[in-house]
Every structure is written in C-alpha cells, then in structure tokens.
Amino acid sequence: RSLLEVVIATNGKHRLPGYARLYLGSGGFKIAAAANMLGLFGALIAYLIAGGTFLRLLFEGVLDLSPAAATIGYALPGALLLLWGLRALPTLEVVILGAFLLVLTLLSVAAIPHFDVQRVLSSGDPVDALLPYGVLLFSFWGLSMVPETFELVGRKKKRGIQALAAGFVTAVVCYAVFALVVKGITGDATTADALTGLRTQLGDGVVLLTLLFGILTTFSSYLALGLTLLRTLTVDFRRPRMFAWALTVVLPLALVMLGVDNLLHVLSVTGAVFLGLE
C-alpha cells in the first residue's frame with residue numbers, strides 16, 4: 001500500500017530502484033538496485049530450476065531430456081515472448097490463472113483417497129520452525145509488481161488497491177490449499193518442488209496434471225518477473241532494450257547451467273537475504 005502511494009504521487013514511469021533514487025538519494029538507490037536486481041535474478045533462477053524439472057518429468061519415457069536441455073526448452077518460449085514485448089501479458093495471465101485454478105481443483109479432488117490428516121498434523125523439530133522464512137517471504141513478496149500493476153489498471157488508486165488485495169488473497173488461499181493437499185499426501189516425504197513427490201502416491205493421469213500445473217504456474221511467474229526486470233533495466237538503468245533482454249534471459253539461464261540448481265537454497269537466499277533487504 002505504501003509503495004502504491006509513492007507510485008501514485010510520482011510523475012513518470014519508474015520501478016523500485018528509480019523511486020528509491022528519487023526519494024532516498026544515491027545511497028538508497030544503490031541499496032534498492034542491488035536488492036531488487038539480485039532478488040529478481042534469484043526468482044528467475046528458481047523458476048528455471050522448477051520449470052525445467054517439471055518439463056523433463058512431463059516427457060519422461062517419451063523424450064528423455066537432460067536437465068540442461070529441459071531447462072533450455074523451458075526458457076526458450078519465455079525468452080521469445082519477452083523479446084516481443086508481451087503486450088498480451090494481462091490476458092495471458094488471466095488464462096493461466098483460470099487453468100491454474102482448474103488444475104488445483106482437480107488435484108484436490110484426486111487427492112481425497114490418498115489424503116491422511118495425520119500427515120498434516122505431524123510436526124518436525126521446533127528448532128526448524130524458522131527455516132521456511134525465506135521461502136515464504138519469496139512467495140508472498142511481490143513488491144516489484146506494484147508499479148506494473150498500477151500501470152495495468154490505468155494509474156487509478158482504487159483499482160490498484162483492489163488489484164493488489166485480490167492478488168494477495170488469491171495467493172494466500174491457493175498456497176494454503178496446495179500446501180494442505182501436498183502435506184496430506186506425502187507428509188514428511190514432501191520434495192523440494194512439491195510435485196515430484198506426488199508421483200509415488202497418485203496415478204499417471206494425476207501426475208501428468210500436476211506437472212502441467214507446475215509448468216503453468218512457474219512459467220506465468222517467470223514471464224511476469226522477467227518483464228519487470230526487463231523494464232527496470234530499461235526505465236531505471238536506461239539500458240538498451242536488447243541488452244536488457246539478453247541480461248534478463250541469459251544470466252539466470254547461464255547460472256543454472258553452471259550448477260546453481262538447488263531450488264530450496266535459491267528460494268531461501270533470495271527471500272531471506274535479497275527480498276528481506278529490499
């Protein structure tokens with residue numbers, strides 16, 4: 001809400017580092033730029049890791065893709081869409097959200113025969129209670145999307161507040177339902193990406209559905225944050241569009257290819273360190 005007030009009160013188009021430069025000076029700009037850039041790059045890396053895994057498992061037995069080939073295959077459509085400017089992103093996001101909710105509903109229904117409430121109630125070591133902090137902060141943050149949202153709703157305050165509130169509530173409900181379903185099925189055997197652990201419990205058709213679910217959700221977020229990073233580089237850093245596009249697409253992909261492939265570590269560090277600093 002507070003960032004939205006800043007966006008409303010400021011003329012011109014900016015992203016988070018740009019607002020920090022205007023209101024906090026060069027020191028604030030440097031801190032915001034470092035945190036924002038590293039946070040966005042970390043998020044893109046996380047989505048490439050998860051999306052590549054889901055794509056590889058989706059074609060397993062039909063087309064045996066290596067992890068590197070699957071990640072590249074996942075990133076390529078996103079790179080092309082970001083290059084074309086994604087003017088249709090709002091419409092695309094609505095379609096993906098509709099598909100996401102449909103798949104979540106079907107997954108929840110399919111999970112009923114395998115659901116055990118005792119798995120949900122089981123708890124780990126209390127010492128580990130704060131371990132999910134970085135992952136949860138990563139999941140709920142979304143600060144970089146505030147300027148994007150405001151521009152999409154025509155720079156209208158009331159609509160901006162409504163859009164942000166609706167987005168947050170939708171995320172909370174979907175995360176809660178999905179976490180409950182996965183925990184009730186896989187319990188302590190839950191995997192880092194959540195979906196691959198379901199393969200041992202659910203039938204082939206449901207597994208296919210869950211993998212499509214994973215690809216849809218991660219790809220949607222990859223596009224949204226990729227576009228935010230691209231616009232931040234062009235608007236706040238005044239970099240040429242092709243340079244910004246290449247950096248947005250190539251650097252995260254290169255880091256995954258070089259071995260940055262532990263999903264939980266990337267989520268935790270990105271959330272707790274970079275987004276916490278932001």
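Predicted model only: the values in this text are computed from it and were never measured.
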State which residue, out of Asn36, Thr228, Leu40, fulfils the side chain to side chain contact (heavy atoms under 4.5 Å, CB included) condition with Leu16.
Asn36
Taking the side chain as C-beta and beyond, is there a heavy-atom pair between [X] and [Y] under 4.5 Å?
{"X": "Val172", "Y": "Phe140", "result": "yes"}
{"X": "Val146", "Y": "Phe150", "result": "no"}
{"X": "Phe178", "Y": "Thr217", "result": "no"}
{"X": "His14", "Y": "Val7", "result": "no"}
{"X": "Leu143", "Y": "Glu278", "result": "yes"}
{"X": "Arg241", "Y": "Leu230", "result": "yes"}

Taking all non-hydrogen atoms of both residues into account, name the closest pair between [X] and [Y] and its distance.
{"X": "Ala43", "Y": "Thr270", "result": "N-CG2, 4.0 Å"}
{"X": "Pro67", "Y": "Arg56", "result": "N-CD, 3.9 Å"}
{"X": "Leu83", "Y": "Met242", "result": "CD1-SD, 3.7 Å"}
{"X": "Ile185", "Y": "Ala111", "result": "CD1-CB, 3.3 Å"}
{"X": "Gly271", "Y": "Leu137", "result": "O-CD2, 3.1 Å"}
{"X": "Gly160", "Y": "Leu4", "result": "C-CD2, 4.0 Å"}

Taking only residues two or more places apart in sequence or in another chain, which ones pass side-chain contact (heavy atoms from CB on, under 4.5 Å) with [X]?
{"X": "Val260", "answer": "Ile45, Leu255, Val266"}
{"X": "Ile96", "answer": "Leu92, Leu216, Ser220"}
{"X": "Ser66", "answer": "Ala68, Ala69"}

Counting distance only, does the side-chain N/O of Arg21 pair as donor-acceptor with the main-chain N or O of Ala33 below 3.5 Å?
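Between the backbone of Ala33 and the side chain of Arg21 there is no qualifying donor-acceptor contact (under 3.5 Å).
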Side-chain (Tyr222) to main-chain (Gly51) donor-acceptor, under 3.5 angstrom
no
To the nearest 0.5 Å, what is the distance between [atom1] ([X]) and [atom2] ([Y])?
{"X": "Thr210", "Y": "Leu58", "atom1": "OG1", "atom2": "CG", "result": "9.5 Å"}
{"X": "Ser144", "Y": "Leu229", "atom1": "OG", "atom2": "CG", "result": "9.0 Å"}
{"X": "Leu102", "Y": "Leu97", "atom1": "CG", "atom2": "CG", "result": "11.0 Å"}
{"X": "Leu76", "Y": "Thr71", "atom1": "CG", "atom2": "OG1", "result": "12.5 Å"}
{"X": "Leu212", "Y": "Leu55", "atom1": "CG", "atom2": "CG", "result": "10.0 Å"}
{"X": "Phe41", "Y": "Thr248", "atom1": "CZ", "atom2": "OG1", "result": "6.0 Å"}

Is the gap between the ring centers of Phe29 and Phe237 under 6.0 Å?
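Close enough - the centres of the two rings lie under 6.0 Å apart.
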Connected via hydrophobic side-chain network under 4.5 Å: [X] and [Y]:
{"X": "Leu3", "Y": "Leu22", "result": "yes"}
{"X": "Ile49", "Y": "Phe274", "result": "no"}
{"X": "Leu101", "Y": "Val103", "result": "yes"}
{"X": "Leu251", "Y": "Ile72", "result": "yes"}
{"X": "Leu208", "Y": "Phe213", "result": "yes"}

Test log, rule side-chain contact (heavy atoms from CB on, under 4.5 Å), inputs Arg231 and Glu148
CA-CA 9 Å; Arg231 287 179 174 168; Glu148 297 281 351; 2.6 Å; yes
Does Leu258 CG have over 12 foreign heavy atoms under 6.0 Å away?
yes
Given Phe115 and Leu180, is the side-chain contact (heavy atoms from CB on, under 4.5 Å) satisfied, shown in steps?
CA-CA 9 Å; Phe115 190 88; Leu180 186 66; 4.2 Å; yes
For Trp245 and Thr234: C-alpha separation, side-chain torsions, deciding distance, then whether side-chain contact (heavy atoms from CB on, under 4.5 Å) applies.
CA-CA 9 Å; Trp245 172 83; Thr234 55; over 6 Å; no
What I want to find out is whether Lys183 reaches Asp188 closely enough, with some N-O distance under 4.0 Å, to be called a salt bridge.
yes
Given the rule in the side-chain contact (heavy atoms from CB on, under 4.5 Å) test, do Met145 and Leu225 qualify, once you have shown the distances and angles that lead to the verdict?
CA-CA 8 Å; Met145 296 304 298; Leu225 292 186; 3.9 Å; yes
